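Below: the structure, in structure tokens.
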Amino acid sequence: MHESVAQEPDAFSDVLVIGGGQAGLSAAYFLQRFGLGDRYQLLDHSPRPGGAWQFRWPTLTLSGTNRVHDLPGYGLGEAVGIDRGEFPASSVVPEYFAKYENRFGLRVHRPVDVRSVERDGDGFRVTLGGRLRGREISARTLINATGTWERPFIPHIPGAADFRGRQLHTHDYTGPEDFAGQRVLVVGAGISAVQLLIEIARRAPGVQTFWCSRTEPRFDSNPFSPDLGREAVARVERRVRAGLPPTSVVSVTGLAVTPTIEAAQRDGILDNWRPMFTRITETGVCWDCTGGAGGNGSARGSSSAVAAGEQLDVDVIFWNTGFRSALDHLSPLHLRGPGGGIVMTGRLATTVADDPRVQLLGYGPSASTIGANRAGREAARNVAEILDAQP
């Protein structure tokens with residue numbers, strides 16, 4: 001297989017794509033389809049193809065993901081074979097993306113860090129960091145596809161700095177063996193929280209697991225329907241069109257009851273959910289408490305009800321509290337509004353309302369892998385129309 005040779009990015013391009021995950025590759029594919037093959041370049045922060053998938057924990061198999069949808073024009077099964085479901089996603093997906101880039105000759109430069117984007121006349125001035133620190137690139141339009149992996153979110157809880165145990169985020173997880181013999185509190189109610197809670201409970205010898213989240217987990221035993229999926233995406237889309245921060249699809253659809261979750265429910269692994277604690281102590285967490293002293297280990301392990309002042313000693317607080325859009329490099333553009341989000345417009349809500357030259361992929365309804373493909377096509381079409389209209 002022919003491997004593309006790394007080249008330094010051009011000083012100017014009509015279209016600059018930032019981010020080499022599924023959305024960025026989809027956009028690049030459609031830019032070529034719309035006749036802009038020699039007028040764009042893609043800058044990827046990662047050291048190799050694969051987007052955020054290359055950094056996922058090794059126990060996450062391809063069959064254990066929410067599903068990696070095919071990129072346009074060349075499917076995963078065709079690229080790597082259909083019998084790779086039990087292989088780590090962190091190796092299969094990068095292999096797929098690398099073959100995809102080579103098959104279509106996508107103009108990808110990596111590793112290239114984008115430090116900031118500013119308006120400059122009729123276009124944008126992009127300042128680079130890392131190995132190309134201080135170098136500048138000019139562009140007429142932008143397609144931003146930087147995703148969320150670089151922005152893990154941990155909510156502010158009083159006393160967090162006092163905790164003497166270990167705190168980590170999904171972003172930092174490497175495997176269940178790190179938790180052997182420990183008392184582990186998993187925080188979060190999304191898919192990753194449930195999957196990793198089950199994995200740790202089953203595969204870390206001598207572990208004791210506990211579970212908290214701001215909202216009570218909602219399991220749905222009904223088959224996932226296209227109508228439910230469309231409503232979930234539509235609700236997220238309505239938020240971003242109103243300038244509100246996007247919410248997760250799971251908050252709308254609930255958690256699908258898989259055979260793995262059914263087995264965990266039967267075995268009592270998911271029985272010990274509790275509402276969110278209000279303070280972190282030196283040795284754990286507590287509910288409606290005021291002091292910073294260590295806990296007494298008295299919190300009940302099988303009840304969702306907790307009393308004021310109740311405390312729980314743990315060795316590890318494992319935050320599975322999601323990610324935020326990695327948009328710090330766009331801060332000089334002042335895109336965020338009073339609602340904390342960015343007002344989006346366009347047919348698929350990929351266009352920044354205040355500056356249509358900026359397309360955001362992986363933001364709001366295009367955050368899923370299937371949504372990224374559709375959004376990549378729409379973003380490419382939008383910038384093609386803008387360039388056609390400019391002298």
Side-chain angles (χ1 to χ4, degrees), residues 1-7 9-10 13 15-56 60-112 114 142-150 326 348 350 359-362 366-381 383-384:
M1 181 181 66
H2 171 69
E3 295 289 342
S4 59
V5 179
Q7 297 178 339
D10 299 333
S13 60
V15 187
L16 185 65
V17 183
I18 306 175
Q22 179 132 3
L25 297 185
S26 176
Y29 170 86
F30 284 113
L31 286 168
Q32 294 188 166
R33 289 283 302 273
F34 295 150
L36 300 175
D38 60 348
R39 298 177 66 181
Y40 84 93
Q41 59 181 331
L42 188 156
L43 308 183
D44 185 22
H45 165 80
S46 299
R48 57 190 180 276
W53 290 100
Q54 62 194 278
F55 306 114
R56 301 294 174 91
L60 178 65
T61 62
L62 192 63
S63 61
T65 66
N66 292 336
R67 186 183 174 189
V68 180
H69 287 269
D70 291 343
L71 282 158
Y74 187 43
L76 186 149
E78 182 182 359
V80 304
I82 60 175
D83 57 348
R84 305 282 293 275
E86 297 310 311
F87 283 68
S90 58
S91 61
V92 177
V93 179
E95 178 186 346
Y96 172 39
F97 283 13
K99 290 182 177 180
Y100 189 87
E101 291 178 14
N102 288 324
R103 182 182 182 93
F104 296 107
L106 302 184
R107 303 185 64 209
V108 181
H109 304 290
R110 65 168 60 88
V112 179
V114 173
L142 295 173
I143 298 179
N144 190 86
T146 46
T148 63
W149 184 254
E150 299 297 329
L348 295 182
T350 63
Q359 303 287 311
L360 297 185
L361 305 186
S366 61
S368 65
T369 55
I370 189 170
N373 285 352
R374 296 175 62 238
R377 180 186 182 94
E378 185 67 11
R381 186 193 308 277
V383 297

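Owing to the predicted nature of the structure, the values given are computational and were not obtained by experimental measurement.
- Contact detail for P94 and P49: the closest heavy-atom pair is CB-O, 3.3 Å.
- In this structure, CG on L76 lies 8.5 Å from CZ on F97, to the nearest 0.5 angstrom.
- With sequence neighbours excluded, no residue satisfies ring pair (Phe, Tyr, Trp, His ring centres under 6.0 Å) with F34.
- Listed by chain and number, the residues in a ring pair (Phe, Tyr, Trp, His ring centres under 6.0 Å) with Y100 are F104 (sequence neighbours excluded).
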Verdict with supporting geometry, L142 and Q359, side-chain contact (heavy atoms from CB on, under 4.5 Å): CA-CA 6 Å; L142 295 173; Q359 303 287 311; over 6 Å; no

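- The minimum heavy-atom distance linking A27 with L361 is given by the pair CB-CD1, 4.0 Å.
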Test side-chain contact (heavy atoms from CB on, under 4.5 Å) applied to R39 and L31, step by step: CA-CA 9 Å; R39 298 177 66 181; L31 286 168; over 6 Å; no

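- For R56, there are no salt bridge (Lys or Arg N to Asp or Glu O under 4.0 Å) partners, not counting sequence neighbours.
- Considering every non-hydrogen atom in both D10 and Q41, the closest pair reads N-OE1, 2.9 Å.
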Derivation of the side-chain contact (heavy atoms from CB on, under 4.5 Å) call for H109 and L43: CA-CA 5 Å; H109 304 290; L43 308 183; 4.1 Å; yes

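- Not a single salt bridge (Lys or Arg N to Asp or Glu O under 4.0 Å) links R48 to another residue, sequence neighbours left out.
- L42 CG to Y29 OH: the interatomic distance, rounded to the nearest 0.5 Å, is 16.0 Å.
- Residues G362 and S366 come closest through the heavy atom pair N-OG, 2.8 Å.
- The salt bridge (Lys or Arg N to Asp or Glu O under 4.0 Å) test applied to D38 returns no partner, not counting sequence neighbours.
- Judged as a salt bridge (Lys or Arg N to Asp or Glu O under 4.0 Å), and not counting sequence neighbours, R377 has no contacts.
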